[in-house]
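See below for the structure under consideration.
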Amino acid sequence: MLKVDNINVYYGAIHALKGISLTVEAGEIVSLIGANGAGKSTLLKTLSGLLKPRTGNIEFLGKSIAGNKAQEIVKLGLIHCPEGRRVFANMSVEENLELGAYLRKDTEIKTDLAKVYQRFPRLQERRKQQAGTLSGGEQQMLAIGRALMARPKLLLLDEPSMGLAPLLVQEIFSIIQEINQSGTTVLLVEQNANQALKIAHRAYVLETGKIVLSGNAIELAESEEVKKAYLGA
Ligand code: ATP
């Protein structure tokens with residue numbers, strides 16, 4: 001579904017992604033783990049068209065998308081749920097969700113809204129509430145719900161568990177699994193390597209802009225290198 005081939009991304013003179021290659025197959029959850037500043041968010045921003053790779057190629061559903069506008073990439077079904085949730089604080093929950101569908105021209109937006117409410121009953125209870133007054137966990141659910149309203153084929157999630165209480169972290173990870181099981185492919189960026197490896201089929205480890213390890217998620221979780229560096233062993 002997604003094929004990233006040897007991309008290099010810079011912020012001015014800073015070489016943030018150094019020859020990254022990876023793939024995501026339809027139906028998978030692929031996790032990308034790595035320390036602060038490794039380049040995880042930069043990679044997601046490049047996939048969704050917010051940053052341009054200087055060299056290298058990105059293929060999504062068989063089409064090259066490197067350098068395409070973010071809006072065109074959204075229309076293809078590659079949807080980015082950004083770090084820090086970024087909900088529109090002064091708008092209601094429902095308005096935020098409707099904005100997720102703003103590029104759609106089909107007639108099933110209301111049906112999808114009902115599905116999001118079914119998945120997140122707390123959002124339905126609060127549909128008229130200003131998004132800025134929601135708790136951190138509720139805002140994360142809203143951000144995911146808004147991304148679902150765009151009908152993602154591939155959903156990019158940037159640190160969905162950040163800043164959440166342990167119980168909510170569990171809930172968010174099981175929601176991600178459910179979303180995947182109902183047919184959405186997921187590329188998940190996480191600092192919570194433990195959980196991210198538990199729910200993933202495969203994973204990549206990013207260090208200072210380079211992929212240093214990759215493979216089956218269970219095997220990676222058992223490797224001494226990953227245990228020492230990322231699982232607090
Ligand atoms: P975190 O989990 O802390 O967000 P990350 O793995 O997502 O980390 P990135 O945010 O992608 O890391 O950052 C990768 C590198 O690029 C870092 O060295 C960072 O300082 C640098 N960087 C990120 N954004 C910019 C920017 N707008 N301008 C210059 N450098 C940047």
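We count ligands from 1, going down the list as the structure has it; atoms in each ligand are counted the same way.
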**Message:** Let's go through Arg122 and Glu171 carefully: what are the C-alpha distance in whole Å and the side-chain angles of both, what is the deciding distance for salt bridge (charged side-chain N to carboxylate O under 4.0 Å, His left out) to 0.1 Å, and is it a yes or a no?
**Reply:** CA-CA 13 Å; Arg122 242 176 303 171; Glu171 194 177 340; 3.1 Å; yes
**Request:** Determine, step by step, whether Val4 and Thr23 satisfy the side chain to side chain contact (heavy atoms under 4.5 Å, CB included) criterion, reporting the C-alpha distance in whole Å, the side-chain angles of both residues, the deciding distance to 0.1 Å, and the verdict.
**Result:** CA-CA 6 Å; Val4 177; Thr23 58; over 6 Å; no
**Request:** For Asn192 and Phe173, run side chain to side chain contact (heavy atoms under 4.5 Å, CB included): C-alpha distance rounded to whole Å, both residues' side-chain angles, the deciding distance at 0.1 Å, then the answer.
**Result:** CA-CA 11 Å; Asn192 187 335; Phe173 280 105; 4.1 Å; yes
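The distance criterion of under 3.5 Å between nitrogen or oxygen atoms is not met by Ile14 with respect to ligand 1. Considering backbone and side-chain N/O of Ala16, none are found under 3.5 Å from N/O of ligand 1.
Considering only non-hydrogen protein atoms, atom 10 (O) of ligand 1 sits nearest to Ser41 CB, 3.8 Å. Looking only at protein heavy atoms, the nearest one to atom 15 (C) of ligand 1 is Gly37 O, 3.7 Å. Ranking protein heavy atoms by distance to atom 12 (O) of ligand 1, first place goes to Gly39 N, 3.2 Å. In terms of protein heavy atoms, atom 13 (O) of ligand 1 is closest to Thr42 OG1, 3.6 Å. Among protein heavy atoms, the minimum distance from atom 23 (C) of ligand 1 is reached at Tyr11 CE1, 3.3 Å. Here the protein heavy atom with the shortest distance to atom 3 (O) of ligand 1 is Asn36 OD1, 2.7 Å.
Under the 4.5 Å side-chain heavy-atom criterion for ILVMFWY residues, a single connected hydrophobic cluster contains both Ile65 and Leu43.
Ion pair Glu178/Arg119 flagged as a salt bridge, since at least one NZ, NE, NH1 or NH2 atom sits closer than 4.0 Å to an Asp/Glu carboxylate oxygen.
Distance check on atom 17 (C) of ligand 1: some protein heavy atom falls below the 4.0 Å cut-off. Less than 4.0 angstrom separates atom 20 (O) of ligand 1 from none of the non-hydrogen atoms of the protein.
Minimum heavy-atom separation, Asn90 to Gln130: O-NE2, 3.6 Å.
Other residues, nucleotides and ligands contribute at most 12 non-hydrogen atoms within 6.0 Å of the NZ atom of Lys3. Heavy-atom neighbours of Leu103 CG from other residues, nucleotides or ligands within 6.0 Å: above the threshold of 12.
For Glu159, the heavy-atom gap to ligand 1 drops under 4.0 angstrom. Using a 4.0 Å heavy-atom cutoff, Gly34 is absent from the residues neighbouring ligand 1. Using a 4.0 angstrom heavy-atom cutoff, Gly12 does not count as in contact with ligand 1.
With hydrogens and angles left out, the side-chain atoms of Glu83 and Ser41 include a donor and acceptor closer than 3.5 Å.
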